[in-house]
Amino acid sequence: MGRYDPKIAEPHWRAAWAQADAFRADYDLSRPKYYALEMFPYPSGKLHVGHARNYAMGDVVARFKRARGFNVLHPMGWDAFGLPAENAARDRGVDPREWTTQNIAAMRSELKALGLAIDWSRELATCEPDYYGHQQALFLRLLKRGLAYRREGLVNWDPVDMTVLANEQVVDGRGWRSGALIERRKLNQWCLRITAYADELLEGLAELPGWPDKVRTMQENWIGRSRGLTLTFAMAPETPAPTPALEGGLSVYTTRPDTLFGASFLAVSPDHPLAEALAKGSREVAAFVQKCRLGGTSEAEIESAEKLGWDTGLRVLHPFQPDLRLPVWIANFVLMEYGAGAIFGCPAHDQRDLDFAIKYSLPIRPVVLPHGADPGTFHVKQEAYTGPGRLFNSGFLDGLDIDAAKRAAISRIESLGLGSGATVYRLRDWGVSRQRPWGCPIPVIHCSSCGIVPVPDSDLPVRLPDRLDFSQTGNPLAHDRAWREVNCPQCGAKAERETDTLDTFVDSSWYFARFTDPHSSDPINVKAARYWLPVDQYVGGVEHAVLHLLYARFLTRALQDEALLSISEPFVGLFTQGMVTHETYRRQSGEWVEPTEVEIESNAGVRVARLKSTGEVVLIGDPEKMSKSKKNTVAPADIADVHGVDAARLFVLSDSPPDRDVQWTSSGVEGASRLLQRVWAEFDALDETPEPRSPDDLSLARITHRAVKAITEAIDGFRFNSAIARIYEFSAAIRNARSTASITARRDALSALARVIAPFAPHLAEECWRRMGETRLIAFAPWPDWDPALVVEDQRVLPVQINGKRRGEIVVPAGASSEMVERLVLADPEISGKLEGLAIRKVIVVPDRIVNLVAA
RNA sequence: GCCGCCGUAGCUCAGUGGUAGAGCGCAUCCUUGGUAAGGCUGAGGUCGGCAGUUCAAUCCUGCCCGGCGGCGCCA
């Protein structure tokens, strides 16, 4: 029969799967369910190898679980709203809906070509009214429950384009199109009350043993529950409060009440009511506050900006040292959203405070003494001391460790009536308003007499207009009078639609529930959701470790409280794959260039990249996460066109553990392709002539059972690279047994090989299965079992070390006791010869591992 | 700046408290009835740096250097 030709075999088997409707998932209480899900893609229009890696992993899990007898749900859909469609519209005049629809069509066919075991009948796209209409219904339920509300939030404002920008669109503090200096501006925004679930979300992490530790740590840090102190500093009599609100003093929050004696200033955020009040009375303060607002809204931008301060002239009293006056500053590094929007600064023990104190010549008083340091000479200069130690220079706190000092300071403040211990979260409510036209419209109506009126359920979905007009700056929805102007559902007077749309993270916070019955006339089919949820294995990029996963966990709990879901955690198993990175290439003009357009030469270790078309030298940039915007994507089709889809699937899962980032290179893909050919050759060479059993059959059986066990465990543990390595070994072992083992034994081995390779190279596996004379699809075949008796090893080779260096080895029965190994080693003539008369001081035996002789 | 991760052969990456490995590339040879190829053999490593723990550290701990991801409007 000759070589295996993927070009012929692969389309054939994909058609066979479609014909058999092999991957349809049906509600079936009689079978154990398994829900395998990969994070649904944004339809950028082109699949890259990062996608391929993601979906190949999920597919291995889905096919493996099917073979193990589960009723598997493995759906696919599109995260179809978002900024790129709007950018395409503004740049090239393409309609976002058409652009998105075309991209989905292109990516769907690319995904289908990967041969994924997906139930395509459940496909959904978040930009379809059938999806976002149900989302609007969910939003209204949250609104009713008080979990959705409006408040002021900060946005990046581009004063030239008169528009709100995404953080991504702010580059070095300037708008990416206009180049104007961006400022933070307050806008009325819809928020979801995720903070109401802060404790639950934090404590729920403990019930997710199927999540990577690092993701749980990141979420824990993100929620950032801290126990600290809110305390109020009384205004000094000589500087009375400038506003009635401050007559009771200035409240701050701190997580370090132990360092109160080291306080040398107070600082309020530029957005603090005090700063705003002072700005009203002083042009200079107003100018300063304005200056602080330059730049974007992101925490990174705020924290890395140069520290700016303004001394208000106000003074407050220190709670423990009545004679001490502390100045009150306005400082740009204080965040209004966190704590009280005001802090006390202790420069010796906080780097930000120290930077600020140095710049404005404020006192630096150390109050925590590191262990072993001399209180007479310990000073803090350029670097704040944040480690452990004992309190000094701190009155009644002297001698206490940090935790004891915190408790003591809090109880003293409480007894003085100046404040109380408090729990504060870093987590803030989730701002979901977007001033963008390509998103889910927020289903409310603003009426001048009735206020905010929810759109009645019977009027849902609130559809986006058929055409969006991008000819003006700002939000096309706000310009579309015909769309915007409606009658108030309550009083019937003229009213206006909300023109904000929902953050696309809302779309992705419940799609996994919609997949359980994507055509239901209710947002969520409670019965289907109860059967299929939670997702047993969720696979996606580690870049979603915090936001998407936290939002989805939050919405799941909110919907549980609405009795729409019966679970509190949506994803019991989570696997975060590493990112696939690739070098970036840029022309001198700054334009990004795709890898396929570039040729790399290497001269004496120096790599030079040139454009294939013109020979122009292009700049080689650092490897970064593949993204369409930087054009550093590589298409899986580049491999599949040459070697077939199975080789591409196998290759993207080879070599590297799935959770690691990998720098993309296609060198080595030939290895995957050769494996497939070698595997096929074994099946192709299978002769049906009966043969007597051979004494070597047992050896091949042992190899087979060990391989099946190892591969099964590797897949269960998400070590796909190890599983593939074992498949390489297994196929080599079968080949080596060709002349020794009988045909019967080799048939058994090959039957196992076909089934263990099927999750990785499903097309080839079908071809091999048919070659063995099987008439059903391997997609329906059960996973091979292994016999524990054939798996055990009865002998071990232990390395023998003398003084930590390997000097020989010894063969012992598996499980041999330390005493027995010691006796055998000491009796071994080769070992004793190497001792050269040294006296043995100690013998260390690690059973089944190693022996070390300590000798002198 | 803060949080999380990574650093092993020319390249891309496995791995383990004890013997340093694979694929590709490179060199050499064999086969030509597995041939739009296949196979043998080989060279190549201060396991990022320094210190500590240990009988023993590439692995554990700490510090340093370099890179990546996230930091609430990219998805």
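Chain letters run A, B, ... following the sequence lines, proteins first, then strands; residues in each count from 1. Basis for what follows: all heavy atoms, side chains included, without hydrogens, waters or symmetry-related copies. Computed from a predicted model, the values in this text were never measured in an experiment.
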Closest nucleotide among G72(B), G4(B), C74(B) to the Met218(A) side chain: G4(B)

Closest to side chain of Gln189(A), choosing from C24(B), A75(B), C73(B): C73(B)

Could you tell me whether [X] contacts a base, only the sugar-phosphate backbone, or nothing, with contacts defined as non-hydrogen atoms closer than 4.0 Å?
| X | answer |
| --- | --- |
| Arg678(A) | sugar-phosphate |
| Val215(A) | nothing |
| Arg426(A) | base |
| Ile844(A) | base |
| Arg352(A) | nothing |
| Val164(A) | base |
| Ser433(A) | base |
| Gln435(A) | base |
| Phe333(A) | nothing |
| Ala300(A) | base |
| His548(A) | nothing |
| Glu337(A) | nothing |
| Gly431(A) | sugar-phosphate |

Any donor-acceptor N or O pair under 3.5 Å, side chains Trp176(A), Asp158(A): no

Plane angle bin for Trp99(A) and Tyr42(A) - parallel if under 30°, tilted between 30 and 60°, otherwise perpendicular: tilted

Plane angle bin for Tyr511(A) and His548(A) - parallel if under 30°, tilted between 30 and 60°, otherwise perpendicular: tilted

Whole-Å distance separating the CG atom of Asp500(A) from the P atom of C73(B): 13 Å

